[in-house]
There are 2 protein chains.
Amino acid sequence: MQLKMKHDPITQKILRALTDNGRISNLELADRVGLSPSACLRRVVALEKAGVIRGYRAVLDPAQMGVGFLAYITVGLSQHTKAAQEAFEHAMARAPEVRECHNVTGAVEYLLRVEAADLAAYKAFHTEVLGTLPQVQSLTTYVVIGSPKDERA
Amino acid sequence: MQLKMKHDPITQKILRALTDNGRISNLELADRVGLSPSACLRRVVALEKAGVIRGYRAVLDPAQMGVGFLAYITVGLSQHTKAAQEAFEHAMARAPEVRECHNVTGAVEYLLRVEAADLAAYKAFHTEVLGTLPQVQSLTTYVVIGSPKDERA
DNA sequence: TGCAAATTGCAGAAATTTTGCGGATTAAAT
DNA sequence: ATTTAATCCGCAAAATTTCTGCAATTTGCA
């Protein structure tokens with residue numbers, strides 16, 4: 001994430017540290033950013049209240065969670081009406097395999113990130129879910145064979 | 001993430017809770033999953049050691065971090081040699097704007113997620129970084145104008 | 001059925017988080 | 001230039017939480 005000079009140096013250090021390890025103890029965090037624990041905690045709480053820190057989450061290992069297949073899919077719609085978009089987005093919201101659904105500009109309307117147990121599970125999703133949506137005109141799958149960088153994992 | 005029945009029900013609850021809130025206290029977590037604090041903590045530690053839980057991270061608000069522009073980019077390489085791939089991946093690893101770099105199958109080799117302060121910053125990255133890499137043959141930008149679903153945010 | 005390993009709950013010890021308070025620094029206003 | 005107000009800091013005590021033995025219970029398997 002871009003640390004643009006919008007926050008002071010200590011805040012930047014705090015955010016960087018918590019992005020790297022969201023469960024670092026306040027004691028160590030304070031030590032690392034050069035602040036007393038109390039002052040450090042107050043800043044963290046303020047950042048949370050201000051919404052700069054939206055929350056914390058555990059990062060799980062996909063393989064051990066039964067996710068053995070990952071793909072990105074571009075989706076072109078047959079109609080560009082608001083109704084068609086909403087229908088498609090609702091379908092995506094309901095599909096557990098879809099972890100991300102982005103509305104994009106360009107030759108296609110949507111970009112999806114899809115996680116499935118394996119190829120068979122993906123195929124089922126592709127044909128039974130995406131293939132049955134009337135709004136969908138084109139589908140292009142990009143199977144992920146590796147992620148050299150994934151800071152959002 | 002798909003909670004396939006690979007773990008017992010309590011483990012599933014633990015993982016779900018920590019995915020939702022990675023900083024929940026062990027006391028509350030234990031209470032929520034119906035276990036004593038000590039037993040619960042031991043499970044969490046075991047999950048961490050087993051690598052099921054890879055870590056924890058704070059989720060920040062992009063807008064407040066100065067990220068006002070988001071795009072996905074497909075990248076085609078001119079050569080498919082290992083050297084070319086490594087060179088490209090190293091360049092991506094160094095670029096702070098690149099939050100994700102996926103190696104994919106299909107008409108292109110890579111899919112990037114790029115975050116920038118604004119269009120100008122993106123343009124600078126596009127031309128000065130991507131445009132100067134000798135391995136890069138084709139670039140297609142998909143500007144994100146909305147994310148109806150983003151469970152990895 | 002019986003043994004061995006794994007898991008649990010309890011309770012205390014150790015460590016961390018959280019809060020009150022006085023003082024210092026900074027900014028704004030007079 | 002001086003005063004006032006607003007922050008922000010560090011210290012220290014209080015409140016919670018995490019962490020660790022240990023005995024008891026449960027689970028898995030021969």
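Each chain gets a letter, A, B and so on, in the order the sequences are listed, and its residues count up from 1. The structure displayed is predicted, hence computed values, not measured ones.
A donor-acceptor pair shorter than 3.5 Å cannot be found between the side chains of Y110(A) and Q135(A). No hydrogens or angles considered: nothing links the side chains of T74(A) and Y142(B) as a donor-acceptor pair under 3.5 Å.
For the helix from dT1(C)-dA30(D) to dT30(C)-dA1(D), the rotation axes defined at the first and last 5 base pairs enclose an angle of 50°, given to the nearest 10°.
Residues L112(B) and L130(B) meet the side-chain proximity criterion, which asks for heavy atoms closer than 4.5 Å.
Atom CZ of R43(A) and atom P of dT7(D) are 14 Å apart (whole Å). Distance, I10(B) CD1 to dA6(C) P: 18 Å, rounded to whole Å. Atom CG in D8(A) sits roughly 15 Å away from atom C1' in dT25(C) (whole-Å rounding). When the C1' atom of dG10(D) is taken as reference, atom CG of L35(A) falls 9 Å away, rounded to whole Å.
Salt-bridge annotation for R152(A) and E100(A): present, with a side-chain N of the basic residue lying under 4.0 Å from a carboxylate O of the acidic one.
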Per-nucleotide protein contact string for nucleotides 17-24 of chain D, where B marks a base within reach and S marks sugar-phosphate only (heavy atoms under 4.0 Å, - for neither) = SBBBBB--

request  = For side-chain contact (heavy atoms from CB on, under 4.5 Å), just list the numbers for M65(B) and V52(A), CA-CA rounded to whole Å, side-chain angles, deciding distance to a tenth of an Å, and then say yes or no.
outcome  = CA-CA 7 Å; M65(B) 293 304 290; V52(A) 178; 4.2 Å; yes

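Atom NZ of K149(A) sits in a crowded spot, with more than 12 heavy atoms from other residues, nucleotides or ligands closer than 6.0 Å.
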